[in-house]
Asker: 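Take a look at the following structure, please.
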Amino acid sequence: MKVIFISLDTLRAKNLGCYGYKHPTSPYIDQIANEGVLFTQAYASDIPTEVAHTCIFTGKVGLTTGVVSHGSPSSYLPKDYEWLPTILRKAGFTTAAVDNLYHLKEWFARGYQYYMNTTGKTRWIKGHSINKLAKPWINEHKDEDFFLFLHYWDPHTPYLPPKEYIKEFYDFNNNPYDLTNKSMERAFNHPAYPFFKHHHFDLLENVTDSKYVSALYDAEIRYLDDMLKDLDEYLIKLGIKDDTLLVLFGDHGESLTEHDIYWDHCGLYEATVHVPMIMRWPGKIPEGFKVSNLVQHADLMPTLLEAIGLELPDKLDGKSLWPLIQGQKVNHHSEIYLSECAWQAARGIRTDQYKYIETYDAGPFSRPPIELYDILNDPNEETNLSDKLPKQVEKFKKQLNNWVDSKLGSEKDPMNEVLIEEGLPFKRRIEKVLSEYGMTWDEWKADPKREKIDLAFNNQS
């Protein structure tokens, strides 16, 4: 048996055809979904990348492992935690990764016999680079039982798809650099601008049309789709497709201007926490099957272990998805608990109908302390019902507090520890940029004007 476990970094469910998107971003991903099972309500309980992948490989949410913050220097996963690649290696699988998460935290390299580091000269990593490393390895080990983790980054900023992919998603009768188009002004004059100037906007060559930037995101998905097709055709060529459990998942999504978030992955809104999750295993998983239950990242580990026939570790937060895949009517998750601590610090609850969010530190954003959305009637989360439904708010507040207390026991809250001792990681990054320009966070946050940063940058240059 072979397992190819694929993280599609920054890919939100909403922009895939198999999740109802109207643009042709994902013809091959849609085909894979038709050949297997699609989870329509899959969620990233912990965001963004560092905490999401820790959850995925442990089967435990951040409040269980203590890893709740992306970019916190004090975060550490003890070595006695059960780790999916380590379990599989001990079970006789050859384990490998094409990935660079090791540069975030050392534990992401645990359990691999082969770790092919994708970090290069630029911050961005293209899909063809992943395939270039993965395909020879697959060929070399095609006769073995193996677990291969592939980490594709294409939909992540900066959005730099091959130019031939853009025309499907942007009408070039418009001019993306038209100086009379002011749709980028909110992004350019946002408190988060000092970070994104260098990491994204400067690489887009003075774009003025926000629709063009979002089109670039779609073009990145379309390019990624072709890379997955290339990989899958290689499995077919080697004759191992039918022996391979293929798992696709987004580690988190992306906000494309929603909720005052400009092409980034923060906020516990659907754009960021609702992720694609697809599994295909010919002859073992029914074709064209959809599961509508609430599921989460932590469910992936026990699902893989059950598929292989291995014993599950104790006290996992995730539950195996096999009963759902087999069409059994079982109680899975009645709610998903959500958490973030990077740009913002917040926790929330997602039920079939509602989204409840408590924000403890809004970072560079303006957020009410409590948000409540009726997702069934307000899927874009535009109307905050917290004032209109106080009893529902009180119910969710008590439920969230009880869950946190049950997870912590006598331990300190790791989110509070980060906020008190370190501060929000991405706020620190902005403060570092501002210090280079002789500005403080308070000065910048009070009047965030792009010209201040650009003038300071030009004077330094």
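Note that this is a predicted model, so its numbers are computed, not measured.
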Asker: Go through Ser26 and Asp30 one step at a time and tell me if the side chain to side chain donor-acceptor pair (under 3.5 Å) criterion holds.
Answerer: CA-CA 6 Å; Ser26 56; Asp30 300 345; 2.9 Å; yes
Asker: Can you tell me if CG on Asn331 sees more than 12 non-hydrogen neighbours from other groups inside 6.0 Å?
Answerer: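 For Asn331, atom CG is not crowded (no more than 12 foreign heavy atoms under 6.0 Å).
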Asker: Run the ring-ring contact (aromatic ring centres under 6.0 Å, His included) test against Trp403 and tell me which residues pass, sequence neighbours left out.
Answerer: Tyr337
Asker: Under 6.0 Å from the CZ atom of Phe289, do we count more than 12 heavy atoms belonging to anything else shown?
Answerer: yes
Asker: Using side chain to side chain contact (heavy atoms under 4.5 Å, CB included) as the criterion, list what pairs up with Ser214, not counting sequence neighbours.
Answerer: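 Per chain and number, Ser214 pairs via side chain to side chain contact (heavy atoms under 4.5 Å, CB included) with Leu256, Trp263.
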Asker: Rounded to the nearest 0.5 Å, what's the gap from CE on Met277 to CG on Leu321? Could you check?
Answerer: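 Rounded to the nearest 0.5 Å, the CE-CG separation comes to 6.5 Å.
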Asker: Step by step, would you call Leu84 with Leu300 a side chain to side chain contact (heavy atoms under 4.5 Å, CB included)?
Answerer: CA-CA 10 Å; Leu84 180 59; Leu300 288 169; over 6 Å; no
Asker: Which heavy atom of Lys105 sits nearest a heavy atom of Ser75, and at what distance?
Answerer: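 Distance-wise, the nearest heavy atoms are NZ-CB, 3.8 Å.
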Asker: Answer yes or no: is there a side-chain heavy-atom contact under 4.5 Å between Met279 and Phe39?
Answerer: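 When only atoms from C-beta onward are counted, Phe39 and Met279 do touch, with a gap below 4.5 Å.
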Asker: Asp260 side chain to Phe365 main-chain N or O, any donor-acceptor pair under 3.5 Å?
Answerer: no
Asker: Can you establish whether the number of heavy atoms outside Asn206 located under 6.0 Å from its atom CG is more than 12?
Answerer: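 Atom CG in Asn206 is not packed in, count stays at 12 or less.
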Asker: Could you list the residues that satisfy side chain to side chain contact (heavy atoms under 4.5 Å, CB included) with Lys449, not counting sequence neighbours?
Answerer: Asn189, Asp447, Glu451, Lys452
Asker: Check the pair Arg350, Glu270 against salt bridge (Lys or Arg N to Asp or Glu O under 4.0 Å), reporting the backbone distance first and the verdict last.
Answerer: CA-CA 9 Å; Arg350 173 67 159 97; Glu270 293 293 282; 3.2 Å; yes
Asker: With Gln31, which residues qualify under side chain to side chain contact (heavy atoms under 4.5 Å, CB included), at least two apart?
Answerer: Tyr28, Glu35
Asker: Could you report the tightest heavy-atom contact between His252 and Asp9, atom names first, then the distance?
Answerer: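 Looking at all heavy atoms of both residues, the closest pair is NE2-OD1, 3.5 Å.
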Asker: Please check if the number of heavy atoms outside Lys229 that lie under 6.0 Å from its NZ is greater than 12.
Answerer: no
Asker: Excluding sequence neighbours, so at least two apart, what forms salt bridge (charged side-chain N to carboxylate O under 4.0 Å, His left out) with Arg450?
Answerer: Asp454
Asker: Carefully, step by step, assess Arg367 and Glu358 under the rule salt bridge (Lys or Arg N to Asp or Glu O under 4.0 Å).
Answerer: CA-CA 9 Å; Arg367 300 278 183 249; Glu358 291 183 8; over 6 Å; no
Asker: For residues 416-423, run the donor-acceptor check on the side chains, cut-off 3.5 Å, and write out each pair with its distance to 0.1 Å, sequence neighbours left out.
Answerer:
from	atom 1	to	atom 2	distance (Å)
Glu422	OE1	Ser72	OG	2.8
Glu422	OE2	Ser72	OG	3.3
Glu422	OE2	Ser74	OG	2.3

Asker: Where do Ser183 and Asn181 come nearest, in terms of heavy atoms and distance?
Answerer: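 Result for this residue pair: OG-OD1, 2.8 Å.
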Asker: Out of Tyr81, Phe108, Phe5, which one pairs with Phe57 under the ring-ring contact (aromatic ring centres under 6.0 Å, His included) rule?
Answerer: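 Answer to the ring-ring contact (aromatic ring centres under 6.0 Å, His included) test with Phe57 among Tyr81, Phe108, Phe5: Phe5.
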Asker: Using the ring-ring contact (aromatic ring centres under 6.0 Å, His included) rule, collect all pairs that involve residues 408-428, keeping only residues at least two apart or in two chains.
Answerer: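 Pairs touching residues 408-428 that pass the test: His70-Phe426, Phe195-Phe426, Trp343-Phe426.
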Asker: Are the side chain of Thr25 and the backbone N or O of Asn15 linked by a donor-acceptor pair below 3.5 Å?
Answerer: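 Present.
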Asker: Would Lys197 and Asp202 count as a salt bridge (Lys or Arg N to Asp or Glu O under 4.0 Å) if you check the C-alpha gap in whole Å, the side-chain angles of each, and the deciding distance to 0.1 Å?
Answerer: CA-CA 6 Å; Lys197 168 184 167 56; Asp202 282 358; 3.2 Å; yes
Asker: Are Ser320 and Thr303 packed together at the side-chain level, in the sense that at least one heavy-atom pair is separated by less than 4.5 angstrom?
Answerer: yes
Asker: Where is the tightest heavy-atom contact between Val51 and Val68, given as atom of each residue plus distance?
Answerer: CG1-C, 3.3 Å
Asker: With sequence neighbours excluded, what pairs up with Tyr19 under the side chain to side chain contact (heavy atoms under 4.5 Å, CB included) test?
Answerer: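 Listed in chain order: Ala13, Leu16, Leu38, His274, Pro276.
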Asker: Within a radius of less than 6.0 Å around CD of Gln328, do more than 12 heavy atoms belonging to other residues, nucleotides or ligands occur?
Answerer: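 Atom CD in Gln328 is packed in, count exceeds 12.
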Asker: In plain terms, say whether Arg280 and Asp232 are close enough for a salt bridge, that is, a side-chain N and a carboxylate O under 4.0 Å apart.
Answerer: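 The answer is yes: the pair qualifies as a salt bridge.
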Asker: Which heavy atom of Trp322 sits nearest to which heavy atom of Lys284, and what is that distance?
Answerer: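 Closest pair (atom of Trp322, atom of Lys284, distance): CZ3-O, 4.0 Å.
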Asker: What residue among Phe196, Tyr262, Phe201 forms ring-ring contact (aromatic ring centres under 6.0 Å, His included) with Phe188?
Answerer: Phe201
Asker: How close do Ala33 and Cys18 get, heavy atom to heavy atom, and via which atoms?
Answerer: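 Answer, listing the atom of Ala33 first, then Cys18: CB-CB, 4.1 Å.
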Asker: With His23, which residues qualify under ring-ring contact (aromatic ring centres under 6.0 Å, His included), at least two apart?
Answerer: Tyr21
Asker: Side-chain donor-acceptor pairs under 3.5 Å in residues 157-164, sequence neighbours left out?
Answerer:
from	atom 1	to	atom 2	distance (Å)
Tyr159	OH	Glu254	OE2	2.6

Asker: Within a 6.0 Å radius of atom NE2 on His198, are there more than 12 heavy atoms belonging to other residues, nucleotides or ligands?
Answerer: no
Asker: Please identify each residue that fulfils ring-ring contact (aromatic ring centres under 6.0 Å, His included) with Tyr165, with sequence neighbours left out.
Answerer: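 Applying ring-ring contact (aromatic ring centres under 6.0 Å, His included) to Tyr165 gives Tyr223.
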Asker: Should we say atom CZ of Arg428 is surrounded by more than 12 heavy atoms from elsewhere, each under 6.0 Å from it?
Answerer: yes
Asker: Does Arg222 come within less than 4.0 Å of Asp218, counting only side-chain N to carboxylate O?
Answerer: no
Asker: When you look at NZ of Lys407, are more than 12 heavy atoms from neighbouring residues, nucleotides or ligands closer to it than 6.0 Å?
Answerer: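 Yes, the 6.0 Å shell around NZ holds more than 12 heavy atoms from other groups.
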Asker: Could you tell me whether Tyr170 and Phe172 have their ring centroids closer than 6.0 angstrom?
Answerer: yes
Asker: Does Asp299 use its side chain to pair, donor to acceptor, with the backbone of Gln296 at less than 3.5 Å?
Answerer: yes
Asker: Judged by atom type as modelled, is there a donor-acceptor pair below 3.5 Å linking the side chain of Asp251 to the main-chain atoms of Thr10?
Answerer: yes
Asker: Gln41 and side chain to side chain contact (heavy atoms under 4.5 Å, CB included): which single residue from Asp352, Asn293, Val295 fits?
Answerer: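 By the side chain to side chain contact (heavy atoms under 4.5 Å, CB included) criterion, Gln41 pairs with just one of Asp352, Asn293, Val295: Asp352.
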Asker: In sequence, state the C-alpha distance, the side-chain angles, and the governing distance for Tyr356 and Gln392, and then conclude on side chain to side chain donor-acceptor pair (under 3.5 Å).
Answerer: CA-CA 9 Å; Tyr356 173 76; Gln392 193 68 52; over 6 Å; no
Asker: For Ile261, is there any backbone N or O sitting under 3.5 Å from a side-chain donor or acceptor partner on His259?
Answerer: no
Asker: Just how far is it from atom CD1 of Ile357 to atom OH of Tyr373, taken to the nearest 0.5 Å?
Answerer: 6.0 Å
Asker: Just to verify, what does Lys14 make a side chain to side chain donor-acceptor pair (under 3.5 Å) with, not counting sequence neighbours?
Answerer: Asn380
